[in-house]
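For reference, the structure discussed in these notes is given below.
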Amino acid sequence: MQTEHQDLKKEFPQLAARMDVLQQSNAHFAKALDEFNVLTAEIEHIERNDATAGESVLEQMKKRRLALKDEIYRMASA
């Protein structure tokens with residue numbers, strides 16, 4: 001199963017500049033964004049290479065990524 005790459009700055013272009021500022025000035029935001037990007041890369045690797053990760057593991061990774069996405073969006077749009 002192949003999914004489209006998730007790039008938050010492309011998905012939320014109106015918040016791209018704010019995300020850049022927060023990434024430099026807010027350690028919590030930077031950590032959340034970094035974790036989101038790492039999870040995205042891991043998920044894409046699993047999906048692209050049919051790597052052996054149980055469906056429940058992949059599902060948990062996707063849920064965590066969604067929670068991070070929501071948190072990042074809330075922080076950037078505040």
Suppose the criterion is side chain to side chain donor-acceptor pair (under 3.5 Å): which pairs have a residue in residues 18-27, not counting sequence neighbours? K9-D20
Pairs involving residues 34-43, ordered by first then second residue, that meet side chain to side chain donor-acceptor pair (under 3.5 Å) (sequence neighbours left out): E35-R64
L39-V57 co-clustered via ILVMFWY side chain contacts under 4.5 Å: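 Yes, same cluster.
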Salt bridge check, K62 against E47: does any charged N sit closer than 4.0 Å to a carboxylate O? yes
Pairs of donor and acceptor atoms involving the side chains of residues 71-78, under 3.5 Å and at least two apart or interchain, shall be tabulated with distances.
from, atom 1, to, atom 2, distance (Å)
E71, OE2, H28, NE2, 2.4
S77, OG, Y73, O, 2.8

Closest heavy-atom contact between M61 and I46?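 Taking every non-hydrogen atom into account, SD-CD1, 4.0 Å.
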Which pair of non-hydrogen atoms, one from R65 and one from F36, has the smallest distance, and what is that distance? CG-CE1, 3.2 Å
Value for CD (Q6) from CG (L66), rounded to nearest 0.5 Å, stands at 8.0 Å
Which residues share a side-chain contact (heavy atoms from CB on, under 4.5 Å) with K10, sequence neighbours left out: D7
